[in-house]
Number of protein chains: 2
Amino acid sequence: MENSLILIVEDEPKLAQLLREYLEQANFRTHVIGSGLDVVPWVESNIPALILLDIMLPGKDGMAICREIRTFSQVPIIMVTARVEEIDRLLGLELGADDYICKPFSPREAVARVKAVLRRVRLQESGGLEQDVFHIDSEKYQASYHGRQLGLTVVEFRLLRKLLSRRGKVFSRDQLLDQLYDDHRIVNQRTIDTHVKNLRKKLEEIAPGENAIRAVYGVGYKIDI
Amino acid sequence: MENSLILIVEDEPKLAQLLREYLEQANFRTHVIGSGLDVVPWVESNIPALILLDIMLPGKDGMAICREIRTFSQVPIIMVTARVEEIDRLLGLELGADDYICKPFSPREAVARVKAVLRRVRLQESGGLEQDVFHIDSEKYQASYHGRQLGLTVVEFRLLRKLLSRRGKVFSRDQLLDQLYDDHRIVNQRTIDTHVKNLRKKLEEIAPGENAIRAVYGVGYKIDI
DNA sequence: TGACAATATGAACATATTATGAAGTTTTTC
DNA sequence: GAAAAACTTCATAATATGTTCATATTGTCA
């Protein structure tokens, strides 16, 4: 099943070695890079299944690398940060990473995260979740819920798509608004509430009481099923 | 297991001798230094497993020494102070010490603290052989405890995350309040007590009697498991 | 030990956030 | 260009959360 290639970008040799050992014990192949400058060229010519990317690096920092990789590849990336507080900032930047781990972490946890992300990605790749209640067709701008077609407006569709892009993740209203428009118009944050209300109404008609969209007080909305 | 070298920096000979005896009885090796001026050179050429550092010293004070050591080493440091009130000040200075003991202390307590700090540091270095009871996901704003999901509010979540960011470290109420808000609102310090109370209640439901969050009299709170 | 200070806790109080219906705007459709 | 649909804003109700307060309990230190 495994045997996938994991790229470890980490300048601290001891930690890199530790990760390598644990990952290989879990039957992954690994490659370690210690300098930020070498990462992008390597990723371009090799194709790792996942990248563990430390954010503090000599040469070029992890954020820049993540952004650059995202211009040409959708390879799963797990960011490693030194401070918990930093994760908040990173989330705001929308780098496109798939998960975040905070130092110090146990190698066991790291391996678990790697597996979780891979599982998620593979599920998506294998043609959308089989028994998923949601199905999204970005080309046709159509979405279905429990097998039944939802008649969504464009804004509602984009809102739902954004929320579904990361199940469980809490999106701030600002993050959601960004996704809704191509131009950068300024609209009232409360507008989101109204779209959520309308979207909920349509979901409710199909599956009453499921409460797919939940508000997280003081933060934003998430999809929680 | 032990046999680690503990550096005791203490100018009062009687106390130094007492500590030495107790620590050696617990199978540590010790070295005593009575003057502040001799500490840094000694630490540079020897490598203690931990330093017990009195803050009031002839020659050079403990704070300056701690700061200086931190420029070249991450060796665990336990600061020894004469008064509880002082710990508060020390915390604000962010010296990078790992724990604080207040005089007068029982040698037994000192040994316990030394062991606790060493255990913690080793756990971190070795990548944690123990399965962590806490797991937090900043993206989903979800935290689990002993594998079970905690339904935390945002403030509670941030509070827990901050406490967890450095296990064992004591955080003052001010430090904790800073983490709780993006804006710089002014709230009563006692507010933290209430949030801690609520958080404890939720932890208690999962693991009664574990007392994960401890109050440190006159200073603040820490997580100590 | 006794005086004092800090923490714990339940309840009252205050605030902030979300939900919702409706009205006002803009955009699309015919 | 009128009507319909979609979008945004607004006002207010409902609710969740945060804060303070008063008192009991516990810890510290002389």
Side-chain angles (χ1 to χ4, degrees), chain A residues 141 150-160 163 170-174 176-204 209 211-222 224, chain B residues 81-88 91 100-106 109 141 150-160 163 170-174 176-205 209 211-222 224:
Chain A
Y141 264 72
L150 286 161
L152 302 184
T153 70
V154 175
V155 170
E156 286 160 6
F157 179 84
R158 288 189 178 149
L159 174 59
L160 178 61
L163 286 169
V170 184
F171 291 91
S172 71
R173 287 178 174 71
D174 270 332
L176 293 171
L177 279 173
D178 277 353
Q179 283 300 307
L180 261 43
Y181 315 104
D182 306 320
D183 50 3
H184 290 291
R185 64 215 288 185
I186 297 164
V187 293
N188 195 309
Q189 287 221 340
R190 296 285 127 224
T191 300
I192 287 287
D193 297 34
T194 297
H195 289 303
V196 166
K197 178 189 61 178
N198 297 333
L199 189 45
R200 275 175 170 161
K201 192 176 173 189
K202 292 176 182 179
L203 297 178
E204 197 75 5
N211 291 319
I213 302 177
R214 318 263 291 236
V216 177
Y217 192 97
V219 191
Y221 292 99
K222 68 171 170 176
D224 210 20
Chain B
T81 73
R83 286 168 305 128
V84 179
E85 306 91 77
E86 202 163 41
I87 295 181
D88 220 4
L91 283 175
Y100 302 85
I101 306 185
C102 186
K103 284 184 186 178
F105 52 83
S106 69
E109 186 195 347
Y141 275 90
L150 288 161
L152 303 183
T153 70
V154 176
V155 168
E156 286 160 5
F157 181 85
R158 293 197 178 132
L159 174 60
L160 177 62
L163 287 168
V170 186
F171 292 91
S172 70
R173 286 177 175 71
D174 271 332
L176 293 171
L177 278 174
D178 276 353
Q179 281 299 309
L180 260 42
Y181 315 104
D182 306 321
D183 50 4
H184 292 290
R185 64 218 285 186
I186 296 164
V187 293
N188 195 309
Q189 286 222 339
R190 297 284 128 226
T191 299
I192 285 286
D193 298 34
T194 296
H195 289 303
V196 166
K197 178 191 62 179
N198 296 334
L199 189 44
R200 276 174 169 160
K201 190 175 173 189
K202 292 176 182 179
L203 297 178
E204 197 74 7
E205 280 171 15
N211 292 319
I213 302 177
R214 319 262 291 239
V216 179
Y217 193 93
V219 192
Y221 293 98
K222 68 171 171 172
D224 212 18

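It should be emphasised that the depicted structure is a prediction, and the values quoted were computed from it without experimental measurement. To find a chain, count down the sequence lines: A is the first, B the second, and so on, and within it residues start at 1.
Here C/dA8 presents its P atom at 14 Å from CG of B/Leu203, a figure rounded to the nearest Å. Across the protein-nucleic acid pair, A/Tyr221 atom OH and C/dA19 atom C1' stand 8 Å apart, rounded to whole Å. Put simply, CG on B/Leu177 is 8 Å from P on D/dT19, counting in whole angstrom units. When the P atom of C/dA6 is taken as reference, atom CG of B/Asp174 falls 14 Å away, rounded to whole Å. Put simply, NZ on A/Lys201 is 11 Å from P on C/dT20, counting in whole angstrom units. In this structure, A/Asn188 atom CG and D/dC7 atom P are separated by 16 Å, rounded to whole Å. If you take CD of B/Gln189 and P of C/dT7, they are 9 Å apart, rounded to a whole angstrom. Distance, B/Arg185 CZ to C/dA16 P: 7 Å, rounded to whole Å.
For the residue pair A/Leu150 and A/Leu203, the shortest heavy atom distance occurs at CD1-CD2, 3.8 Å. Between A/Ile213 and A/Tyr221, the shortest heavy-atom distance links the atoms CG2-CD2, 4.1 Å.
For DNA chain D, the neighbouring residues in residues 190-200 of chain A, judged by any heavy atom under 4.0 Å, are A/Thr191, A/Thr194, A/His195.
When the side-chain nitrogen and oxygen atoms of B/Arg173 are compared with OP1 and OP2 of C/dT7, one or more of them lie within a distance under 4.0 Å. Contact check, B/Tyr181 against D/dT17: no side-chain N or O comes under 4.0 Å of OP1 or OP2.
Residue-level contact check: A/Arg214 touches neither bases nor backbone, having no heavy atom under 4.0 Å from any strand.
Of the listed nucleotides (C/dA8, D/dC7, C/dA16), C/dA8 has the atom at the smallest distance from the side chain of B/Ala215. Of the candidate nucleotides D/dT20, C/dA5, C/dT17, C/dA5 has the atom nearest to the side chain of B/Tyr217.
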Go through the steps for B/Tyr181 and B/Val187 under the test side chain to side chain contact (heavy atoms under 4.5 Å, CB included), then give the verdict.
CA-CA 10 Å; B/Tyr181 315 104; B/Val187 293; 4.0 Å; yes
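B/Asp174 places none of its side-chain heavy atoms less than 4.5 Å from the side chain of B/Ile192. In this structure the side chain of A/Thr153 reaches within 4.5 angstrom of the side chain of A/Lys202, judged on heavy atoms.
Over its length, the helix from C/dT1-D/dA30 to C/dC30-D/dG1 turns its helix axis by 40°, as judged from the five terminal pairs at each end, rounded to 10°.
Here B/Asn198 contributes atom CG and B/Leu152 contributes atom CG; the two are 10.5 Å apart, rounded to the nearest 0.5 Å. Taking CG of B/Asn188 as the reference point, atom OG1 of B/Thr191 lies at 5.0 Å (rounded to 0.5 Å).
Panel note: side chain B/Arg158, backbone B/Leu180; a donor-acceptor pair is recorded below 3.5 Å.
By the 6.0 Å contact criterion, CZ on B/Arg214 is open, its count of non-hydrogen atoms from other residues, nucleotides or ligands being 12 or less.
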